[in-house]
Amino acid sequence: MTDLKIYDTYNRENRVFKPLNHPFVGIYICGPTVYGHPHLGHARGPVVFDVLHRFLIYKGFKVRFVRNVTDVGHLVNDADEGEDKIAKKARVEQLEPMEIAQFYTDSYHKMLHALNIRPASIEPRASGHIIEQIEMISKIIENGFAYESNGSVYFDVIKYSSNHDYGKLSGRILEDLIAGAGNEARDLEGQDEKHNPNDFALWKKAGPEHIMRWPSPWSEGFPGWHIECSAMSRKYLGDTFDIHGGGMDLLFPHHESEIAQSQACTGHQPANYWMHHNMITVNGQKMAKSLNNGISIEEFFSGKHPLLEKAYSPMTLKFFILQAQYRGTLDFSNAALQASEKGLSRLLQAGETLEKIKPNNQNDLEVTSIQIELEEALNEDLNTPILIAKLFDLVTKINQIDTGQIGITLENLEKLKVIYKTFVHEILGLENEKDSGSEKIKGVLEILIELRNEAKSNKNYELSDVIRKKLTEIGIELKDGKEGTSFSIS
RNA sequence: GGUCGGAUGGCCGAGUGGCUAGGCACGGGUCUGCAAAACCCUCUACAGCGGUUCGAAUCCGCUUCCGACCUCCA
């Protein structure tokens, strides 16, 4: 059995995963800023890292999985009044900022639940770790890598670069950044307070309109965007932990700055492996508010969006995401979603078929090698599309056993059931969304099937077809097989 | 402009220096009273132009096109 290989963004290569303190694994994932309902793009990270989480557990590691929620708004991009996203929303909706954060945190949790994402071991919030952030900032100042300016504190990128490689993670060269900074002519608040335009804020003094504020040694204000993740990952996972994950859009400046801050504070690299998932695109372009192509999760599940031909279930979305490797962009389209929907249904149906298969003495299936192949797929940097392809090969086999074309022994059948359950349900976290119905409904259906079969044997096809048609109309499908009639409820 | 990443069959999406991933759709068939489901068969692609090689979609170069990021924006 080979080891898990992870593509490490920092070193730009696949590296064999070796935890710092076997069998313990510490993972930190950058979660959302909760100032709006989650959209389709927000689903990818949780789904991808959930598979990582589950796969590591499958491999026997003891995982501490930390995913934060950013409930400190930071500054809005294009509003120069110095207001932050959450505060702005709070003003517009006439609510307390924490009400906004709570409301959208709940919305985010709803999505995670619908997608059957394992809960994080710890879900820290930025607002609950102001003290840790202040401590870290103090230490960075003490170590000479940050300076106070008019009540705000900035990280000294030039100083840091004299003996560290600022830009290695994101493949940037500081000289280019310096050259580019002026050209952009960005009109960000407080630029004149910085020694250098590349310096970034660790602490910002709050203007009078800024409602989210905390006391600090420097001013009443709020922490910079990057420091929360450094402080919280350090608190719960230590100075150096195993895996840090997030979206590719966070590569720069967020993660680059996290590395710099942690190095400046502790003298250590914060993470051993950096994992970045790619974006979900619509018509080849990233989902973005400015492009007006954002589809919220709620809209996705209800089908209420102009881009959607129909509603799609949570598991369809999850399966759609898993059919692409996490480092590539994934393009949204109705055709692709509908293909995933059908494929998923076939995959899950095979699981049900597996439960009723009868073994015999013939054996046409090498069960052990199947398990190895499935695991190998994920060992290669979580190649879920390969895993799914292999699972579909298995689906074919299961169906062939069911139709008597090939045989399986009782022993192998039991093993096969375990393998299927492990990979489909426990590792990919896919669940059957079909309503299997209560025992009474099942009983009623059995009676209907019996009556229909009686009609059929009397060649009263008019009646038997009416029964089938009426049931289909309410979402119950009858399937006449060699072993009798079965049904599925959708 | 800088940096990075892409361009694969009708659609989505893997992968590899030679052994035709997979899903969905399409077409044909088996089964069935008829359907559905299931099964079998069919559809053999890798942006363009050069080069390296016995052999390249896979390596190298150039071109075209697309995308992401570029300081507080998932």
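Lettering follows sequence order; numbering is per chain, from 1.
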- Item | Rounded distance (Å) that lies between atom P of U30(B) and atom CG of Asp402(A) | 21 Å
- Qualifying salt bridge (Lys or Arg N to Asp or Glu O under 4.0 Å) pairs with a residue from residues 451-463 of chain A, counting only residues at least two apart or across chains: Arg452(A)-Asp480(A), Lys456(A)-Asp480(A)
- Message: Taking the C1' atom in each of C41(B) and C46(B), what is the distance between them to the nearest angstrom?
- Response: 25 Å
- Query: Tell me, which of residues 390-400 of chain A have any heavy atom that sits under 4.0 Å from an atom in RNA chain B?
  - Reply: Phe392(A), Asp393(A), Thr396(A), Asn399(A), Gln400(A)
- Item | d(CD, Glu256(A); C1', U3(B)) in whole Å | 12 Å
- Note on the structure: 5' to 3', nucleotides 14-19 of chain B under a 4.0 Å protein heavy-atom cut-off (B base, S sugar-phosphate only, - none) gives SS----
- Query: Should Arg346(A) be listed as having a side-chain N or O under 4.0 Å from OP1 or OP2 of G22(B)?
  - Reply: no
- Sorted by chain and residue number, the side chain to side chain donor-acceptor pair (under 3.5 Å) partners of Ser216(A) (sequence neighbours excluded) come out as Trp203(A)
- Query: Under 4.0 angstrom, heavy atoms only, what part of the nucleic acid is Ala336(A) near: base, sugar-phosphate, or nothing?
  - Reply: sugar-phosphate
- Dot-bracket for RNA chain B: what is it, with Watson-Crick or G-U pairs under 3.5 Å, [ ] where a pair crosses earlier ones, and | for a pair to another strand? (((((((..(((.....[...)))..((((.......)))).....(((((..]....))))))))))))....
- Rounded to whole angstrom units, what separation is found between the CG atom of Asp249(A) and the P atom of U3(B)? 21 Å
- Item | Gap between atoms CG and P, on Leu337(A) and C24(B) respectively (whole Å) | 15 Å
- Task: Provide the distance between the two P atoms, one in U16(B) and one in U3(B), to the nearest whole Å.
- Result: 27 Å
- Check the surroundings of atom CD in Glu450(A): do more than 12 heavy atoms from other residues, nucleotides or ligands lie under 6.0 Å from it? no
- Ala389(A): what forms a side-chain contact (heavy atoms from CB on, under 4.5 Å) with it, not counting sequence neighbours? none
- Whole-Å distance between A38(B) P and Glu352(A) CD? 12 Å
- Query: Could you state the CG-C1' distance from Leu330(A) to G23(B), rounded to the nearest angstrom?
  - Reply: 14 Å
- So, is Lys342(A) near the phosphate of A25(B), with a side-chain N or O under 4.0 Å from OP1 or OP2? yes
- Item | Side chain of Glu477(A) - closest among C12(B), C34(B), A36(B) | A36(B)
- If the P atom of C19(B) is compared with that of G55(B), how far apart are they to the nearest Å? 15 Å
- Query: Is Ile406(A) touching bases, backbone alone, or none of the nucleic acid, heavy atoms closer than 4.0 Å?
  - Reply: nothing
- Item | Contacts of Phe423(A) that satisfy ring-ring contact (aromatic ring centres under 6.0 Å, His included) - sequence neighbours left out | Tyr58(A)
Can you give each donor-acceptor pair under 3.5 Å made by side-chain atoms of residues 245-259 of chain A, sequence neighbours left out, with the distance rounded to 0.1 Å?
unit_1    : atom_1 : unit_2    : atom_2 : d
His254(A) : ND1    : His226(A) : ND1    : 2.9
His254(A) : NE2    : Glu258(A) : OE2    : 3.2
His255(A) : ND1    : His276(A) : NE2    : 2.7
Glu256(A) : OE1    : Leu169(A) : N      : 3.4
Glu256(A) : OE1    : Ser170(A) : N      : 2.8
Glu256(A) : OE1    : Ser170(A) : OG     : 2.6
Glu256(A) : OE2    : Gly167(A) : N      : 2.8
Glu256(A) : OE2    : Lys168(A) : N      : 3.3
Ser257(A) : OG     : Pro253(A) : O      : 2.7

- Qualifying residues under side-chain contact (heavy atoms from CB on, under 4.5 Å), relative to Glu13(A), sequence neighbours excluded: Asn11(A), Arg15(A)
- Task: Determine the interatomic distance between C1' on G9(B) and the same-named atom on C26(B); round to the nearest Å.
- Result: 13 Å
- Task: Respond yes when some side-chain nitrogen or oxygen of Tyr35(A) is under 4.0 Å from OP1 or OP2 of A74(B), and no when none is.
- Result: yes
- Message: Checking Glu366(A) now: which residues fulfil salt bridge (Lys or Arg N to Asp or Glu O under 4.0 Å) with it, not counting sequence neighbours?
- Response: none
- Query: What does Met248(A) touch in the nucleic acid at a heavy-atom separation under 4.0 angstrom: a base, only the sugar-phosphate, or nothing?
  - Reply: nothing
- Message: Is it the case that A37(B) (base atoms only) and Asp480(A) (side chain only) share a donor and an acceptor within less than 3.5 Å, ignoring hydrogens and angles?
- Response: no
- Nearest heavy atoms of Asn68(A) and Gly31(A), plus distance in Å: OD1-N, 2.7 Å
- Task: Name the closest nucleotide to the Gln405(A) side chain, picking from A21(B), A74(B), C40(B).
- Result: C40(B)
- Item | Among Met279(A), Gln325(A), Arg44(A), side-chain contact (heavy atoms from CB on, under 4.5 Å) partner for Leu330(A) | Arg44(A)
- Query: Taking the same atom, C1', in C43(B) and in A35(B), what whole-Å distance lies between them?
  - Reply: 26 Å
- Task: Looking at every strand, decide which applies to Gly171(A) at a 4.0 Å heavy-atom threshold: base, sugar-phosphate, or nothing.
- Result: sugar-phosphate
- Message: Can you measure Trp274(A) atom CH2 to C69(B) atom C1' for me and round it to whole angstrom units?
- Response: 16 Å
- Answer yes if the side chains of Tyr326(A) and Asp381(A) hold a donor-acceptor pair under 3.5 Å, and no otherwise. yes
- Quote, to the nearest angstrom, the P distance that separates G18(B) from G13(B). 24 Å
- Message: Side chain of Thr403(A) only, heavy atoms from C-beta on: which candidate in A38(B), C69(B), A21(B) is closest?
- Response: A38(B)
- Note on the structure: Sorted by position of nearest nucleotide on RNA chain B, 5' first, the leading residue of Val157(A) and Gln349(A) is Gln349(A)
- Task: Check whether the side chain of Asn278(A) and the base of G5(B) form a donor-acceptor pair under 3.5 Å.
- Result: no
- Task: Could you name each residue pair satisfying side-chain hydrogen bond (donor to acceptor under 3.5 Å, both in side chains) that touches residues 390-400 of chain A, not counting sequence neighbours?
- Result: none
- Query: Can you name the residues that form a ring-ring contact (aromatic ring centres under 6.0 Å, His included) with Phe103(A), not counting sequence neighbours?
  - Reply: His37(A)
- Message: Work out how far the C1' atom of G15(B) is from that of A21(B), and round it to whole angstrom.
- Response: 7 Å
- Between C24(B), A35(B), A38(B), spot the one nearest the side chain of Arg468(A), thanks. A35(B)
- Message: Base, sugar-phosphate or nothing for Leu250(A)? Non-hydrogen atoms, less than 4.0 Å.
- Response: sugar-phosphate
- Note on the structure: Thr33(A) and Val72(A) have their tightest heavy-atom pair at CG2-O, 4.5 Å
- Gap in Å between the two C1' atoms, one belonging to C24(B) and one to C66(B), rounded: 25 Å
